[in-house]
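Here the structure comes first, spelled out in structure tokens, and everything after it is commentary.
What's counted below: heavy atoms across the whole structure, side chains too, no hydrogens, waters or symmetry copies.
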Amino acid sequence: MSTFDISFIDSNGLIVNDDFDLSLIDSSDLIVTDDVESVSAPSKSIDSLDQSSATVDQSSELSSDHTAPQVNPSLKRIRKSRSKKPKTPIIYVGIESNGGACSRVFSTPNGSKLYKPDVDAEFLPPPIGTVYTDWQEIVAMYSRYASKAGFSTKLGTNKDRPENVSFRFIHCHRYGKPRFGNFSMANHHKRRSNRIKLTNCKACIRFKIYPGTSDLILYDWVEHHNHPLIGQEFMDFSKEQRTLTYSEQHMIHSLSLHNIGPNIAHRVQCTLKGGHHYVRGKRIDYKNWRRNIKLFIGHRDAQLTVNSLASRTTNLHNFFFYYKVEQMVVKSLFWADDVSRCHYIEFGDVLAFDATYKTNMYKMIFVPFTGVDHHKRCVTFGAGLICDETIESYVWLLETFVKCHPKPPILVLTDQDAAMRSAVLKVFPTSAHRLCMWHIMMKLPAKIKGCNVDNDEVRTAIHNLVWDVLIDKDDFEMRWNTLMSQYNLTGHDWLNDMYGIRERWVPCYFSHLDMCCLMKTTSMCESSNAMFKVNTNRHNSLLQFCHTPNFHLTEFNRVRV
């Protein structure tokens with residue numbers, strides 16, 4: 001590459017002002033080739049590549065099993081083709097600053113501009129002739145330079161011989177011929193436009209691969225761009241900065257397990273890092289990656305869930321898992337970890353379970369089994385997923401519970417669901433079944449009609465009667481009949497029905513059982529269900545639900561302490 005000749009410019013009449021300050025022109029910046037937009041590296045000309053490559057330190061740059069690579073004749077031909085005398089010199093115009101990205105601006109005879117990034121020397125690529133052995137190291141080096149200069153990069157090779165790559169390039173993100181949408185009356189659909197506008201920018205760095213080795217030698221570096229550079233405050237919109245790393249992907253996934261969507265995850269990341277300029281990826285990139293997770297799971301959701309739980313039975317001590325499949329469809333699941341099984345051995349005298357909804361996208365019903373420990377804290381003995389609330393589903397669930405916990409409970413507490421009662425009587429014939437008093441008393445205001453004063457009096461009298469644990473059966477029946485006569489409720493259908501099943505829910509009928517006063521309602525189950533719903537929603541797949549903290553019953557019990 002020939003150097004800049006000021007007399008050559010004068011002979012063409014490009015400098016006509018006698019007062020032009022020649023000190024503003026850096027002769028190294030004015031080296032050009034025949035192509036107006038292809039400007040070679042200012043640090044070294046390609047004519048001097050032989051001397052530069054010959055002076056490479058063999059002990060530090062090359063491996064010990066071969067000597068320094070000699071200059072290839074094909075590389076000489078490349079240099080000769082780039083060593084023509086410039087015919088279209090460029091003139092230095094000034095410095096342009098775009099949001100922190102400074103660049104030197106040059107003007108060509110046809111009126112176009114070229115931009116040379118003004119970057120600190122520590123970020124500049126090494127001299128021509130430097131030998132690398134790792135391509136990823138080259139990519140990281142040039143990416144650091146590009147981020148400081150104000151542009152993104154894209155990789156390239158010699159496409160004419162893809163099976164035998166001998167050259168590798170890193171181009172500016174605007175390299176390539178501009179694309180223009182084709183529109184015709186026959187085809188009204190336009191090609192989707194690319195947000196990155198191509199300008200055929202020639203800024204790049206080129207490497208030669210020596211046959212039989214993994215060495216790459218830097219033989220050309222074009223640092224002039226034919227487009228303005230991007231300011232640092234807008235670099236987060238570049239393609240490279242919008243690529244999510246493993247840490248961002250892990251954060252999106254971890255927050256999704258706690259029922260936090262990608263929008264809030266992006267806001268959390270911006271808050272932690274001090275602004276969106278320091279965050280890789282935009283909000284739409286977070287949403288797209290969450291969508292890609294669901295697409296990756298796809299129809300393999302049930303199989304991945306079963307495989308994940310089956311692996312826990314092998315890797316986790318005393319982990320229990322069982323499932324039911326009908327016509328290649330998972331109908332029911334049950335699992336319990338080691339801590340849950342130990343809790344049932346110590347505190348399994350009273351068992352309560354209740355169903356909850358909206359925990360997964362398949363509308364499977366989540367059923368946790370709950371108890372109370374010696375500190376009156378809620379503990380979980382296991383959990384299950386069933387496809388419906390039929391007697392068969394509850395029977396399978398309770399029979400699987402017995403496989404995991406052979407000892408039957410003394411007292412089983414449920415709501416007034418008929419399928420639950422039938423399943424409890426079939427699987428636990430020796431256990432007492434108790435209905436939740438809270439569900440029954442909650443219906444009392446709607447069942448009793450009358451003025452507000454009378455309604456309040458009746459409710460207060462009934463509450464004082466049914467919640468009294470110190471009276472016996474005979475005393476309760478006598479006081480109930482007196483109360484019904486006092487308020488003219490003898491013929492009330494609902495109250496008569498509740499009195500007919502009084503041995504299933506009134507506390508005085510369970511006084512002969514141990515731990516009878518430990519649980520009177522399924523409020524413990526309700527609180528468990530509320531805690532479970534904190535980390536789940538109806539859009540979760542089974543695999544996502546499987547990795548939520550709800551699935552790890554040990555961690556869930558620890559959170560509720």
_If you define the side chain from C-beta out and look only at heavy atoms, does anything of Met498 sit under 4.5 Å from Leu444?_
no
_To check you understand the geometry: which heavy-atom pair defines the closest contact between Met420 and Ala355, and what is its length?_
CE-N, 4.0 Å
*asked:* Determine whether a donor-acceptor pair (N or O, by modelled atom type, separation under 3.5 Å) exists between the side chain of His492 and the backbone of Met484.
replied: no
*Are Phe545 and Phe366 close enough, and set up right, to give a ring pair (Phe, Tyr, Trp, His ring centres under 6.0 Å), and what steps lead you there?*
CA-CA 11 Å; Phe545 181 77; Phe366 180 60; 5.4 Å; yes
*Under 3.5 Å, is there a donor-acceptor pair between the side chain of Asp472 and the main chain of Cys508?*
no
*Ignoring hydrogens and geometry, is there a side-chain-to-backbone donor-acceptor pair from Ser340 to Gly382 under 3.5 Å?*
no
*Between Trp289 and Leu244, which heavy-atom pair has the shortest distance, and what is it?*
CB-CD1, 3.9 Å
*Taking atom NZ of Lys376 as the centre, report whether more than 12 heavy atoms of other residues, nucleotides or ligands fall under 6.0 Å from it.*
no
*For residues Asp354 and Asp415, determine if any side-chain heavy atom of one lies less than 4.5 Å from a side-chain heavy atom of the other.*
yes
_With a 4.5 Å cut-off on side-chain heavy atoms, are Arg459 and Pro445 touching?_
yes
*So, for Val466 and Val506, which heavy atoms are closest and what is the spacing to 0.1 Å?*
O-CG1, 4.3 Å
_Residues, nucleotides or ligands: over 12 heavy atoms within 6.0 Å of Arg267 CZ_ = no
*Any donor-acceptor pair under 3.5 Å from Ser256 side chain to His253 backbone*: yes
*Which pair of non-hydrogen atoms, one from His227 and one from Cys172, has the smallest distance, and what is that distance?*
NE2-SG, 3.3 Å
_Less than 3.5 Å apart, any donor N or O on the side chain of Gln303 or Asn307 sitting next to an acceptor on the other?_
yes
_Using 0.5 Å steps for rounding, measure from the CD atom of Gln544 to the CZ atom of Arg290._
5.0 Å
*Hey, do the aromatic rings of Tyr322 and Phe334 have their centres closer than 6.0 Å?*
no
_Enumerate the salt bridge (charged side-chain N to carboxylate O under 4.0 Å, His left out) contacts for residues 539-548, please, sequence neighbours excluded, ordered by first and then second residue._
none
*Determine the minimum heavy-atom distance between Trp480 and Leu495, stating which atoms define it.*
CZ2-O, 3.7 Å
*Any idea which heavy atoms bring Ala265 and Ile260 closest together, and the distance?*
N-CG2, 4.2 Å
_Derivation of the side chain to side chain contact (heavy atoms under 4.5 Å, CB included) call for Leu316 and Asp337_ = CA-CA 8 Å; Leu316 298 180; Asp337 57 15; over 6 Å; no
_Separation between CD of Glu457 and CG of Leu483, rounded to the nearest 0.5 Å_ = 11.0 Å
*If you round to the nearest 0.5 Å, how far is CG of Leu257 from CD1 of Ile252?*
12.0 Å
*Give the ring-plane orientation class for His405 versus Phe381, where under 30° counts as parallel, over 60° as perpendicular and anything between as tilted.*
perpendicular
*Would a distance-only check, ignoring hydrogens and angles, find a side-chain to backbone donor-acceptor pair under 3.5 Å from Asn263 to Arg283?*
no
_For the CD1 atom of Ile462 and the OH atom of Tyr487, what is their distance to the nearest 0.5 Å?_
9.0 Å
*Please find out if less than 6.0 Å separates the ring center of Tyr344 from that of Phe401.*
yes
*asked:* By the side chain to side chain donor-acceptor pair (under 3.5 Å) test, which pairs, at least two apart or in different chains, include something from residues 417-431?
replied: Arg421-His433
*Distance from Ile230 atom CD1 to Phe151 atom CZ, nearest 0.5 Å?*
9.5 Å
*Flag side-chain contact, heavy atom, 4.5 Å: Ser332 against Leu397*: no
*Looking at side-chain heavy atoms only, is the closest gap between Val339 and Val379 below 4.5 Å?*
no
*With a 4.5 Å heavy-atom cut-off, do Trp335 and Arg312 have their side chains touching?*
no
*With rounding to the nearest 0.5 Å, note down the distance linking CE in Met478 to OG1 in Thr482.*
6.0 Å
*Is the side chain of Arg434 donor-acceptor paired with the backbone N or O of Leu413 at a distance under 3.5 Å, no angle test?*
no
_Check: Asn315 side chain, Ser311 main-chain N or O, donor-acceptor pair, under 3.5 Å_ = yes
_Pair Phe347 + His374: ring centers closer than 6.0 Å_ = yes
*Can you check whether Ser247 reaches Arg280 side chain to side chain, under 4.5 Å on heavy atoms?*
no
*Checking Thr400 side chain against Trp396 main chain: does a donor-acceptor pair fall under 3.5 Å?*
yes
*Expected output: side-chain Asp285 to main-chain Lys282 donor-acceptor under 3.5 Å*: yes
*Does the side chain of Leu398 reach to within under 4.5 Å of the side chain of Val402, using non-hydrogen atoms?*
no
*Does a salt bridge link Arg502 with Glu477, judged by any charged N lying under 4.0 Å from a carboxylate O?*
yes
*asked:* Considering only residues two or more places apart or on different chains, which pairs with a residue in residues 262-282 satisfy ring-ring contact (aromatic ring centres under 6.0 Å, His included)?
replied: His266-Tyr286
*Got a donor-acceptor contact below 3.5 angstrom from the Asp338 side chain to the Asn318 backbone?*
no
*Assert yes or no for the condition that the ring centre distance of Tyr323 to Phe321 is strictly below 6.0 Å.*
yes
